[in-house]
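Just so you know, ligand 1 is whichever comes first in the structure, and atom 1 is the first atom listed for that ligand.
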Amino acid sequence: MKRKLMKKTCFLLVGWAVLLGTAESREVDWAALNPAFADAIFVKDKQVCAGCHDKSVEAYSKTSHGRLFQYGAKNALQAQDCEACHGPRSKHVAAPDASLQFSDEQYSEICLQCHQDGGRLYWQTSQHKTGEVGCVSCHGVMDELSDKGLLAKDDEPAVCYSCHAIVRGQMQKSSHHPVREGKMACSSCHNPHGSAGKGMLKGATVNEVCFSCHQEKRGPFVWEHPVVREGCANCHDAHGSNNPDLLNAKGSFLCMQCHSYGGHINLPRYNRTSNPYGQGCVNCHITQHGSNHPSGVKFTR
Ligand code: HEC
Ligand code: HEC
Ligand code: HEC
Ligand code: HEC
Ligand code: HEC
Ligand code: HEC
Ligand code: HEC
Ligand code: HEC
Ligand code: HEC
Ligand code: HEC
């Protein structure tokens, strides 16, 4: 009995040691990132930096990091202030030069000392990380350029478009989600830090993302249109389209991608496509997303 207890305590102690170990090891090994840091110590006083970098210090002091680290640092890492991101600077202050610079990728490791949690859960496997995009490709932390999120440009889509020009083109189309109007952002649907789903989407599937705002399309319906269950993207281009309602094909052609020879299609009475830009099939098949009407099996009610 006593032995069992001792064993337990032992495990507990080991557990604590491991925990403390990881807590401390969150700080990067500066000399490993850049050998020029060997033997350098922390200055821990941004007034020293201000002597030569007054503009940088002034702009930085207004950012969330600047305010928090100066007045409300919650741990030793935060209290390092400038040096939490720039490493121990004693050697730099004694002989200033630019030999202590970091690459974008190294900065990501530095940011992750404090930001491994939350939205960054899937960072390591994200297309951005594997595509060699760093935190500082999207974030500018030395100055408050955006209303929130310390972005490198004043608004989020502008940050994304600097690399995703094709998406900018899609968002210019006549039917589009109101990103251009500022009512939504790319991060309404994507987590730029990575996600468990594909395409860095915020849901496990495309549909889960869409349902977060278009709940009424979730169903379940008495009569399901299997193609809707399978994916909204079968008929809609989420980024934009020159057809109404973000549709990926015009009027009847949308449905005829799959139903060309089915049912009544060849009967002129039903093929009301006299106005080729009109809605054609959905004039009658008004519940194409699914129907709850007892006789809605053909999505006509
Ligand atoms: C005596 C003047 C002086 C002081 C004090 C000083 N610096 Fe510098 N710093 C410089 C000079 C000069 C450069 C090189 C500029 C260049 O060549 O681009 C520089 C460059 C930098 C850079 C950009 C290059 C790099 O190493 O990443 C950073 C960041 C930096 N300093 C941070 C700091 C911090 C943090 C402090 C306070 C702990 C500080 N400096 C104190 C003069 C100084
Ligand atoms: C949250 C991390 C972080 C903190 C804290 C921070 N910096 Fe920086 N700093 C950066 C990054 C990242 C860059 C590189 C800019 C880039 O590539 O976009 C940078 C760039 C600089 C530069 C180069 C010139 C410039 O403005 O771009 C200087 C000088 C500098 N920092 C000084 C400081 C000083 C002084 C402090 C404290 C008063 C400080 N930094 C605090 C991350 C930080
Ligand atoms: C020493 C710890 C630490 C380091 C290093 C650090 N941060 Fe932060 N960061 C914080 C804390 C603490 C907050 C504010 C807490 C919060 O609101 O979650 C914050 C907030 C932020 C925010 C939100 C700010 C806002 O105004 O909405 C962004 C974006 C951010 N950090 C990016 C970065 C990037 C990019 C780097 C690396 C260049 C970095 N951080 C390095 C601790 C750190
Ligand atoms: C592809 C662009 C991009 C990259 C790369 C990126 N971010 Fe972000 N980040 C954003 C956007 C967009 C937001 C949302 C801004 C807002 O609040 O509107 C954001 C928000 C944040 C926030 C504040 C909200 C939150 O999730 O806590 C933090 C902290 C943050 N990023 C840290 C990081 C760190 C650390 C890295 C690198 C490991 C990183 N980011 C890489 C685009 C990016
Ligand atoms: C309404 C939701 C939504 C919004 C808003 C949105 N996206 Fe997407 N995005 C998607 C979907 C859905 C996909 C397809 C994902 C898949 O099937 O892999 C996608 C795919 C992508 C891709 C992969 C390439 C491609 O075109 O398939 C990129 C890059 C992308 N989005 C960038 C952006 C950018 C940048 C913004 C902001 C300007 C943005 N997205 C806004 C839903 C959205
Ligand atoms: C510095 C350049 C850069 C910036 C800025 C950038 N991206 Fe990317 N993005 C990439 C690269 C590189 C990839 C990976 C290669 C690829 O698939 O094109 C990628 C991939 C993606 C993908 C996944 C594509 C897929 O095929 O699954 C999405 C979604 C995406 N980015 C959205 C965004 C959003 C949203 C923003 C703004 C918050 C943004 N990106 C900002 C460079 C960038
Ligand atoms: C963050 C909320 C949000 C998400 C997520 C979202 N939407 Fe939307 N959607 C909107 C808003 C807002 C509108 C514009 C409504 C308006 O203008 O009345 C809209 C409009 C639409 C329209 C009509 C477009 C038009 O031209 O009127 C379609 C179709 C649509 N969304 C499909 C989708 C699909 C498919 C997805 C998933 C890939 C999706 N939405 C994800 C918010 C969202
Ligand atoms: C079989 C093709 C098809 C699929 C799949 C599909 N839609 Fe639609 N959707 C349409 C058509 C056609 C319209 C235009 C309806 C009209 O003009 O009356 C439309 C219109 C919309 C609209 C705007 C009008 C409205 O009803 O609110 C939204 C939002 C929308 N769809 C969301 C979704 C979502 C979310 C999904 C996935 C769950 C989805 N759609 C899947 C064909 C489809
Ligand atoms: C991507 C392929 C695809 C597209 C596009 C599509 N459907 Fe379907 N549709 C299906 C499939 C698959 C079924 C189920 C067929 C079955 O059960 O025999 C179906 C079933 C139907 C049914 C019920 C058929 C029956 O036999 O009970 C109707 C009505 C229908 N679709 C109308 C439409 C209309 C209207 C559109 C355009 C708004 C459309 N579909 C677009 C694939 C599609
Ligand atoms: C004038 C109204 C009307 C128009 C327009 C119309 N449909 Fe129909 N459709 C119906 C009705 C009513 C039924 C049910 C017929 C029945 O039960 O025999 C039906 C049945 C169907 C079926 C199921 C056929 C079966 O074998 O049970 C499909 C698939 C279909 N329509 C697709 C389309 C497509 C695709 C278009 C556009 C090219 C279209 N419909 C245009 C009224 C219409």
[atom1]/[X] to [atom2]/[Y] distance, rounded to the nearest 0.5 angstrom?
| X | Y | atom1 | atom2 | value |
| --- | --- | --- | --- | --- |
| Cys235 | Leu254 | SG | CG | 4.5 Å |
| Leu112 | Cys135 | CG | SG | 5.5 Å |
| Asp45 | Glu83 | CG | CD | 9.0 Å |

Looking at [X], I want to see if its [atom1] is surrounded by more than 12 non-hydrogen atoms of other residues, nucleotides or ligands under 6.0 Å.
| X | atom1 | result |
| --- | --- | --- |
| Ile286 | CD1 | yes |
| Lys202 | NZ | yes |
| Asp39 | CG | no |
| Tyr122 | OH | no |
| Asp29 | CG | yes |

Q) Considering distance alone, does some N or O of Ser99 sit under 3.5 Å from an N or O of ligand 1? A) no

(Q) Any nitrogen or oxygen of His53, side chain or backbone, less than 3.5 Å from one on ligand 1? (A) yes

(Q) If the cut-off is 2.8 Å, does any N/O/S atom of His92 fall short of it from atom 8 (Fe) of ligand 1? (A) yes

Q | Heteroatom test (N, O or S) for Cys49 near atom 8 (Fe) of ligand 1, limit 2.8 Å | A | no

Q: Tell me, please: is Leu151 in heavy-atom contact with ligand 4, that is, under 4.0 Å?
A: yes

Q) What do you reckon, does Cys163 put a non-hydrogen atom under 4.0 Å from ligand 4? A) no

Show which atoms of ligand 7 fall inside a sub-4.0 Å distance from at least one heavy-atom site of [X].
| X | result |
| --- | --- |
| Ala238 | 38 (C) |
| Cys189 | 5 (C) |
| Cys213 | 1 (C), 2 (C), 3 (C), 4 (C), 5 (C), 42 (C), 43 (C) |
| Val209 | 5 (C) |
| Ser175 | 25 (C), 26 (O) |
| Ser212 | 5 (C) |
| Ser188 | 1 (C) |
| Cys232 | 35 (C) |

Q) Which part of Ala233 is near ligand 7, with near meaning a heavy atom under 4.0 Å away: side chain, backbone, both or neither? A) neither

Specify the closest pair of heavy atoms between [X] and [Y], including all atoms of both residues, with the distance to one decimal.
| X | Y | value |
| --- | --- | --- |
| Phe37 | His86 | CZ-O, 3.2 Å |
| His139 | Gly149 | ND1-O, 3.0 Å |
| Pro88 | Ala40 | O-CB, 3.5 Å |
| Val227 | Asn234 | O-ND2, 3.0 Å |
| Cys186 | Pro157 | SG-CA, 4.2 Å |
| Gln113 | Val28 | OE1-N, 3.2 Å |

Q: May I ask you to say whether Lys148 pairs ionically with Glu156, meaning some side-chain N is under 4.0 Å from a carboxylate O?
A: no

Q: Could you tell me whether Glu224 and Arg229 have a side-chain N and a carboxylate O separated by less than 4.0 Å?
A: yes

Q. Is atom 8 (Fe) of ligand 7 less than 2.8 Å from an N/O/S atom of Cys210, whether that atom is in the backbone or a side chain?
A. no

Which residue and atom name correspond to the protein heavy atom nearest [atom], and how close is it?
| atom | answer |
| --- | --- |
| atom 22 (C) of ligand 7 | Leu246 CD1, 3.7 Å |
| atom 14 (C) of ligand 4 | Glu156 OE1, 4.3 Å |
| atom 26 (O) of ligand 1 | Arg89 NH1, 3.1 Å |
| atom 23 (C) of ligand 1 | Gln101 NE2, 4.3 Å |
| atom 1 (C) of ligand 1 | Cys52 SG, 2.7 Å |
| atom 15 (C) of ligand 1 | Ala98 CB, 4.9 Å |
| atom 11 (C) of ligand 1 | Pro96 CB, 3.8 Å |
| atom 13 (C) of ligand 7 | Pro178 CD, 3.9 Å |
| atom 19 (C) of ligand 7 | His177 CD2, 3.4 Å |
| atom 42 (C) of ligand 7 | Met184 SD, 3.6 Å |

Is there a donor-acceptor contact under 3.5 Å linking the side chains of [X] and [Y]?
| X | Y | result |
| --- | --- | --- |
| Asn191 | His193 | yes |
| Thr63 | His65 | no |
| Thr205 | Asn207 | no |
| Asp81 | Tyr60 | yes |
| Gln70 | Lys46 | yes |
| Glu181 | His176 | yes |

Q.
Are Phe221 and Phe299 an aromatic pair, judged by ring center distance below 6.0 Å?
A. no

Q. So which bit of Leu112 gets within less than 4.0 Å of ligand 4, heavy atoms only: side chain, backbone, both or neither?
A. side chain

Q. Between His86 and ligand 1, which residue portion shows a heavy-atom distance shorter than 4.0 Å: side chain, backbone, both, or neither?
A. side chain

Q) Among Asp81, Leu100, Val48, which residue places a heavy atom closest to atom 5 (C) of ligand 1? A) Val48

Q: Identify which of Asp237, Asp245, Leu247 has a heavy atom lying nearest to atom 27 (O) of ligand 7.
A: Asp245

Q: Would you mind running through ligand 4 and noting each atom that sits below 4.0 Å from a heavy atom of Cys111?
A: 35 (C)

Q.
Using a 4.0 Å cutoff against the non-hydrogen atoms of His128, which atoms of ligand 4 qualify?
A. 1 (C)

Q. For ligand 1, which atoms, with element, lie under 4.0 Å from some heavy atom of Cys82?
A. 35 (C)

Q: Could you tell me whether atom 17 (O) of ligand 7 has at least one protein heavy atom nearer than 4.0 Å?
A: no

**Q.** Neighbouring protein N, O or S atoms of atom 8 (Fe) of ligand 4 [cut-off: under 2.8 Å, no waters]
**A.** His139 NE2, His193 NE2

Q) Would you say His214 contacts ligand 7, with heavy atoms under 4.0 Å as the rule? A) yes

